[in-house]
Structures are given as C-alpha cells and as structure tokens.
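Excluded from the calculations below are hydrogen atoms, water molecules and symmetry mates; all remaining heavy atoms, backbone and side chain alike, are included. The first residue of the sequence shown is numbered 1, and numbering continues consecutively from there. Remember, it's a predicted structure, so these values are computed and weren't measured experimentally. When a ligand or atom number is given, it counts from 1 through the structure's own listing order.
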Amino acid sequence: MNTLFIVLTLLIPIFLLLTKGRRSPKRVPPGSLGIPIVGHSLHLLRAMRANTAEKWLQQRIQIYGPISKLSLFGKPTVFIHGKDANKFVFTSDSSTLSNSQPQSVKKLLGDRCLLELSGQDHKRVRDALGLFLKPESLKSYVGKMDEEVRMHIAMHWEGKQEVKVLPLMKTLTFNIICALLFGIERGARREKLVDWFQEMMEGMWSIPINLPFTRYNRSLQASASIRNMTKDLIGEKRMELAKKGVNPHKDLISCMLSTRDENNREVINENEIMDNVMLVMTAGHDTSSILITCPNFS
Ligand SMILES: *[C@@H]1O[C@H](CO)[C@@H](O)[C@H](O)[C@H]1NC(C)=O
Ligand SMILES: *[C@@H]1O[C@H](CO)[C@@H](O)[C@H](O)[C@H]1NC(C)=O
C-alpha cells in the first residue's frame with residue numbers, strides 16, 4: 001500500500017506543466033524551490049532510502065496544504081495531493097496537463113519511448129508492444145519463465161539456511177526480463193547487461209548533474225552501453241528473422257522488428273525499439289521484484 005502510494009504520488013502527478021502567461025506571483029503555490037538544481041531531491045531521496053517518503057510527503061501537506069511547489073531532480077515541481085488532485089490529473093486533457101518525464105530521465109530512456117510519444121506515433125508503438133503481450137504470445141513465455149525460476153531456485157535457494165529475498169527477486173526478475181525482452185541467454189553478455197542496468201537505475205533517482213564521476217554521469221554511460229548492445233541485438237534478430245520458421249514473437253525485439261506495414265517495411269525504427277526496450281525493462285524491474293517480495297502487498 002505504502003509503496004503504491006509513493007509511486008503514484010511521485011510518478012504521475014508531480015510534473016504539472018503550468019500554462020504560460022499565468023505567471024503572476026499570486027498564482028504560484030506555497031513552498032520554496034530550495035537550492036538551485038539540488039532543490040529537495042536529496043531530502044526526498046534520503047527519505048526514500050529510509051522508507052519514510054510517505055511521512056515526508058505528509059509533513060509537506062501539513063505545512064503547505066495539499067498544493068505546494070518544490071524542486072525535484074533539477075525541475076520546479078508542483079506537488080498535489082488528495083481526491084480533487086487525482087481527479088484533475090486523471091481527467092485533464094493534454095492541453096492542460098501533459099505526460100512527460102523529467103529531462104534527466106528522458107536522457108536515460110530516450111525520447112522515443114511510449115511515455116514521450118503522442119498521437120499516431122503513440123498508437124503505432126503501442127500496437128507493436130500490444131502484439132508482444134497478446135494472450136497467445138504470453139502462453140509461450142510461461143515456459144521460459146518457468147525455466148528461469150527453476151534455475152534461480154537451484155542456484156540461489158537450495159541448501160541455504162537464510163536468504164535475502166529482495167535482492168534475489170531483483171536478480172530473478174532481471175533474468176526473466178533478459179530472456180523475454182532481449183532473448184539473451186545466460187552468460188557473459190547477460191551479466192554485463194545486469195551491471196549496466198543497475199548502474200543506470202541508480203542514476204535515475206539522483207541529482208542530474210552530468211560531470212565526470214557523478215552518479216548521473218555513470219548512469220548515462222551505462223545507458224549508452226545498453227543501447228549499444230541493443231543495437232547489436234537488433235542486427236542479430238533481424239538476420240534470424242530473415243530465416244524461415246523463426247517465431248517472430250519469441251522476444252520483444254523480434255516482435256517489434258516483425259511488425260510490418262502493407263509494403264512489408266518495418267514500422268518501428270531502431271531508436272524506437274531501443275527506447276521502448278529500455279522503458280519496459282525499467283518499468284518491469286523494481287515493481288515486479290517488490291511485488292513478489294511483499295506477501296501483504298495490496
Ligand atoms: C561524463 O562527463 C564528461 C565530462 O563532463 C563528459 O565528457 C561525458 O560526455 C559525460 N558522459 C556522458 C555519458 O554524458
Ligand atoms: C559497442 O559494442 C561493440 C561490440 O559489440 C564494441 O566493440 C564497441 O566498442 C561498443 N561501443 C561503445 C561506444 O560502447
């Protein structure tokens with residue numbers, strides 16, 4: 001429950017784009033923007049690490065009321081809370097409120113992922129992702145997942161007196177993601193990908209300063225490496241698909257590559273494949289591993 005609350009309050013409503021021209025100081029919500037760039041990010045990150053983010057947000061609400069401004073991850077942000085706020089977020093059209101990730105996240109995930117696209121482009125990519133998630137296709141993934149789970153249990157659980165569940169669930173979900181999204185078998189390549197991915201995720205919740213040796217800089221580098229590997233994989237999958245008898249839905253990359261228009265041309269370009277693979281990987285990782293770790297999650 002708490003986790004869900006935090007994810008919803010953080011990810012959906014905060015990036016509220018106030019329309020320009022209404023910038024009279026009277027209409028700006030209470031609250032300070034804090035130190036430039038850093039803003040309140042450190043406070044929030046500290047609270048998240050200590051698992052007290054909900055309390056931190058409640059305190060804000062006590063001080064400033066349900067609407068306040070602050071600065072997160074390098075951007076002025078409006079925090080809104082409550083029933084009316086939810087209604088506003090979920091019923092506004094794109095002229096009032098648009099869905100957009102912070103610039104820092106956009107740089108990591110790319111600007112052609114589903115979260116950034118609109119209109120026809122959005123539909124085209126969403127349809128291709130939908131093919132991957134069709135019930136008929138899902139059936140064929142069960143076998144692969146089963147194989148990964150068995151191998152995981154044999155490797156990390158059997159014969160152990162005590163195990164730390166959350167990190168192991170992260171490993172397991174990542175391995176399943178690798179198998180289903182990338183079609184990468186176990187081995188050196190997958191391990192490299194795990195390292196890069198973890199590096200990238202760390203920078204997603206960090207202060208977005210791109211200087212040598214900052215966490216965000218390492219995160220950008222990791223993102224570039226993942227892209228580079230995905231590019232190679234796209235080439236390999238394309239060659240594989242050219243052979244007859246290959247199942248075009250066996251992983252997400254193959255599935256997107258084999259989405260064709262009436263002239264048999266690829267519908268989703270390489271950048272879109274890369275960005276959306278990154279998106280699905282990120283979206284699937286933390287949520288699923290937390291979900292299967294918490295028995296009382298509701
Ligand atoms: C990391 O920082 C250095 C120095 O500012 C910069 O040259 C490099 O491009 C950055 N890395 C990435 C991936 O942006
Ligand atoms: C991209 O991957 C290839 C190997 O597949 C490697 O030779 C090359 O150095 C990589 N480039 C970058 C920028 O990481």
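A donor-acceptor pair under 3.5 Å is absent between the side-chain atoms of K237 and the main chain of S254, judged by distance alone. In this structure, the side chain of D111 does not engage the main chain of K106 through any donor-acceptor pair within 3.5 Å.
Counting heavy atoms from C-beta outward, M281 and F182 have side chains that approach closer than 4.5 Å. For the pair P76/K69, no side-chain contact is recorded, criterion being any heavy-atom separation below 4.5 Å from C-beta on.
Of the protein's heavy atoms, at least one falls inside 4.0 Å of atom 5 (O) of ligand 2. Remark: atom 11 (N) of ligand 1 lies closer than 4.0 Å to at least one protein heavy atom.
Each of R260, M256, E272 was checked for a side chain to side chain contact (heavy atoms under 4.5 Å, CB included) with E266, and the lone residue meeting it is R260. Exactly one of R227, R112, M229 qualifies for a side chain to side chain contact (heavy atoms under 4.5 Å, CB included) with M274. That residue is R227.
The protein heavy atom nearest to atom 3 (C) of ligand 2 is N228 ND2, 3.7 Å.
By the 4.0 Å heavy-atom criterion, A224 is excluded from the residues contacting ligand 1.
Remark: ligand 2 atoms within the under-4.0 Å shell around heavy atoms of D232 are 2 (O), 4 (C), 5 (O). Numbered from 1 in the order shown, with element, the atoms of ligand 1 that lie under 4.0 Å from a heavy atom of L211 read 2 (O). Near L220, meaning under 4.0 Å from any of its heavy atoms, are these atoms of ligand 1: 13 (C), 14 (O).
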